[in-house]
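Convention: sequence-line order gives letters A, B, ...; per-chain numbering from 1.
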Amino acid sequence: MATFDTISGREIKPFYTAGDLPNPNGSDGAPGVPGVPGAFPFTRGIHADMYRGRLWTMRQFAGFGSAEDTNQRFRFLLDKGQTGLSVAFDMPTLMGLDSDDPRARGEVGRLGVAIDCAADMQRLFDSIDLARVSTSMTINAPAPILMAFYLVAAERQGIAWDKLGGTLQNDTLKEFHAQNEFVFPPEPSVRLAVDVIEFCARHAPRWHPVSISGYHIREAGSTAGQELAFTLIDGIEYVERALQRGLKIDDFAPRLSFFFNAHNEFFEEIAKFRAARRIWARRMRDHYGAKNEASWRLRFHAQTAGCSLQAQQPGVNLIRVAYQAMAAVLGGCQSLHTNSMDETLSLPTEESVTLALRTQQVLAHETGVTSTADPLGGSYYVEALTDELEKEAETYFARIAEMGGVVRCVESGYFRREIASAAARYQREVESRKRVIVGVNDFIEPPQPIPTHKADPSVEPGQIERLRTLKAQRDPAKVAAALDRIRASAAGSQNLMPAFIDAARLEVTVGEMMSALADVLGRYKQTAGWW
Amino acid sequence: MTDRPIRVVLAKLGLDGHDRGIRVVARVLRDAGMEVIYTGLWQTARHVARAVADEDADTVGISLLSGAHLTLVPDLIDALRAEGVGHVPVVIGGIVPDGDVPVLEKMGVARVLGPGTTLERIVGSFRELAAASRAGQRR
């Protein structure tokens, strides 16, 4: 039986009219008029000419095996017309462990690329000009250290830091809510994130030092409204902490960036992106007094919903991804990753990642959706949904403030419980076939295996060998001094970036630096209230 | 010990943090009347085996989406034996390529429940395996 509520549980009316239009006296413009693209509050997009001026960046997340393997995949993607790079690190790197750590066994180079030190980062970008390419790095707890590796790799290519363009995910708050790659307790985690924001504002002004992410929150099972609210409140938390450091809002707000999920529920997703821009613009201008218009504009990367992909009839995933990608574009994204059809089974093959990229190219060049900004602006339905999502987010903001703020809510497990309840509700709806999933609970066919990417078993021993050789060639006294300096900076309140960069120049590894940090900052254990 | 509720240890093995699935499974098994001990993230084989022994579990469910199953599952099987609980059936959930399923079964895994497995089938599997394991214990 068909359902008329969204996958997030929002009830949908049979039709919408002018009576559903939001903000009859709002600041968007005249009653019922949603304003124009490129103007405050940017509901309709951050540029007046939108994709006519410049297409979104087509940026496929990639990484596996050794630095050489991934370097090869990067060059393959650039050859196929991709316009930005996005690094997937392996689990040990994401958790700040070296490849030779016993806890890394079986996981080196498996879900991403193994990077232990600045020399690895240098090999990752061999023959790729870091002054010309824009690079996104999905890394969080050890983000400042991987950023230091990147800065040193650029230095070794002879490129000044102020020429570097790209994004560091560096959003540790959502690790606690959803993604589970946290290492340090919440307070020092936020401090490290803000260290990068502060450092980049001064030394790498074209770099986006944080990508405040809802993607993972949604993947963990949240609703669209939770994704929107929890992401923006995390962003506000980083802003507050940066202001407490003495930074001025307009010194760093223009370089903040966001990362959202593009899920199945077409119109609700578009409305979510529009609401995000409006909420952020109002906060930045009206609450924080930002004067620079660039501070008001919420820029975001979108990725199609990995959790919507199915192992059954994988070819159908191409269709899901295409619709989700269209929602991201109609919602005004600045960059986009389209998932590959085989990603529920393994990392993508070259063939499937090419099709995913081609999906974006068809959207950009064949469908005509790029010809005008915010083509759905003024739709009774989309405007009403945008307004509803904004209100839902504001309700969450108030509740989180009442409960003592973001860090308190992390510690109490509030975010995790909210998300887990939504995930369980959704799963029950699939189970009861209230929600039809093609190929899973309806339209079922016998399995037809497809070729998948195979991990190379020689990667792990090879990486461990290389790391051991490297460690043996260093001056142990210098390494120890660099680690002592990290401990001393961590114990004080200085920005840690200079200590990380100096250590990276000496090929001190991510595992060594993380463990020095943990000596001072401690490691975070999950608490019982988290389930 | 008749009619004692089924006791299940659930764990994430290795570094992989994808826990949406295992937490849904934990809720559903609990709703089905089982006692669920979820060990949380980043468990080593030895930790899991100790939990199975300490909790007197009837079955153990492991979630792995990291692709590290062929390294970590044999470690777990060895650790269960070392703790004297080698008879406790092991269920693996998550992402396991089809070709690896018989390999895991040969290692001693009782069941591999891949993506798309219904919650009903998951509950049923834990029930059957617990019953078989108890019957085996009584013999």
Side-chain angles (χ1 to χ4, degrees), chain A residues 90-95 97 101-108 110-111 175 178-182 216 219-221 306-307 309-312 343-347 416 419-421 423-428 430-432 437 439-441 444 447 449 452-455 457 460 525-528 530-531, chain B residues 10-32 36-47 63-76 93-101 112-123:
Chain A
D90 68 359
M91 282 305 309
T93 307
L94 291 170
M95 294 303 294
L97 301 174
D101 190 294
R103 288 165 288 181
R105 226 167 76 75
E107 312 207 33
V108 175
R110 192 158 293 260
L111 292 191
E175 298 298 329
Q179 180 75 355
N180 296 328
E181 288 153 12
F182 50 87
H216 320 78
E219 288 291 294
C307 62
L309 302 182
Q310 304 300 334
Q312 297 83 352
E343 289 193 67
T344 53
L345 307 167
S346 67
L347 297 190
R416 296 181 73 94
I419 296 165
S421 298
R425 176 188 57 75
Y426 175 78
Q427 204 57 44
R428 287 200 189 95
V430 171
E431 189 80 358
S432 67
I437 311 287
V440 175
N441 61 7
I444 296 167
T452 53
H453 169 91
K454 297 278 176 286
E460 186 163 317
K525 295 268 180 279
Q526 318 140 64
T527 54
W530 279 30
W531 324 121
Chain B
L10 294 180
K12 289 287 301 177
L13 201 53
L15 303 176
D16 156 40
H18 294 93
D19 64 350
R20 174 174 176 172
I22 198 166
R23 288 163 72 200
V24 169
V25 169
R27 280 191 186 212
V28 168
L29 295 182
R30 246 171 238 168
D31 292 349
V36 178
I37 300 99
Y38 174 41
T39 63
L41 301 168
W42 313 323
Q43 299 298 302
T44 64
R46 208 188 303 163
H47 282 128
S63 157
L64 271 165
L65 288 84
S66 63
H69 46 274
L70 295 183
T71 307
L72 299 180
V73 172
D75 288 358
L76 175 69
I95 296 183
V96 174
D98 290 341
D100 291 349
V101 173
V112 178
L113 303 175
T117 308
T118 62
L119 298 175
E120 197 185 339
R121 169 134 190 268
I122 294 170
V123 171

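- Of the atoms belonging to A/M95, it is side-chain heavy atoms, and not backbone ones, that fall under 4.5 Å from chain B.
- Heavy atoms closer than 4.5 Å to chain A are found in both the backbone and the side chain of B/L15.
- Among all heavy-atom pairs drawn from B/G17 and A/M91, the shortest one is N-CE, 4.3 Å.
- If you measure heavy-atom distances from A/L97 to chain B, the contacts under 4.5 Å come from the side chain alone.
- With hydrogens and angles disregarded, no donor-acceptor distance shorter than 3.5 Å links the side chain of A/E107 to the backbone of B/A68.
- No part of B/L70 comes within reach of chain A, as not one of its non-hydrogen atoms sits under 4.5 angstrom from that chain.
- Between A/E431 and B/E120, the shortest heavy-atom distance links the atoms OE2-N, 2.8 Å.
- Of the residues considered (A/Q427, A/R105, A/Q312), A/R105 shows the highest number of contacts with chain B, using heavy-atom pairs under 4.5 Å.
- If you measure heavy-atom distances from A/S432 to chain B, you find no contacts under 4.5 Å at all.
- Only the backbone of A/T344 comes within contact range of chain B, judged by heavy atoms closer than 4.5 Å.
- Among residues two or more places apart in sequence or in another chain, the side chain to side chain contact (heavy atoms under 4.5 Å, CB included) test is passed with B/V123 by B/V28, B/L29, B/A32, B/M34, B/R127.
- Interface summary for chain A: among B/L119, B/V24, B/I95, the most heavy-atom pairs under 4.5 angstrom belong to B/L119.
- Both the backbone and the side chain of A/P92 come within less than 4.5 Å of a heavy atom in chain B.
- Interface remark: A/Q310 contributes no atoms to any contact with chain B (heavy atom separation under 4.5 Å).
- A heavy-atom distance below 4.5 Å is found between the side chains of B/D31 and A/R428.
- A search for side-chain hydrogen bond (donor to acceptor under 3.5 Å, both in side chains) contacts involving A/E460 returns nothing, not counting sequence neighbours.
- When heavy atoms are compared at a cutoff of 4.5 Å, A/R110 approaches chain B solely by way of its side chain, counted from C-beta outward.
- Proximity of a side-chain donor or acceptor of A/Q179 to a complementary backbone N or O of B/H18 within less than 3.5 Å is not detected.
- Chain B forms more heavy-atom pairs under 4.5 Å with one residue of A/A311, A/G439, A/G221 than with any other, namely A/G221.
- Between B/P97 and A/L345 the shortest side-chain heavy-atom distance does not fall below 4.5 Å.
- If you measure heavy-atom distances from A/A220 to chain B, the contacts under 4.5 Å come from the backbone alone.
- Heavy atoms of B/T44 lying under 4.5 Å from chain A are absent altogether.
- Note that CG of A/N180 and CZ of B/R20 are 13.0 Å apart. Values are rounded to the nearest 0.5 Å.
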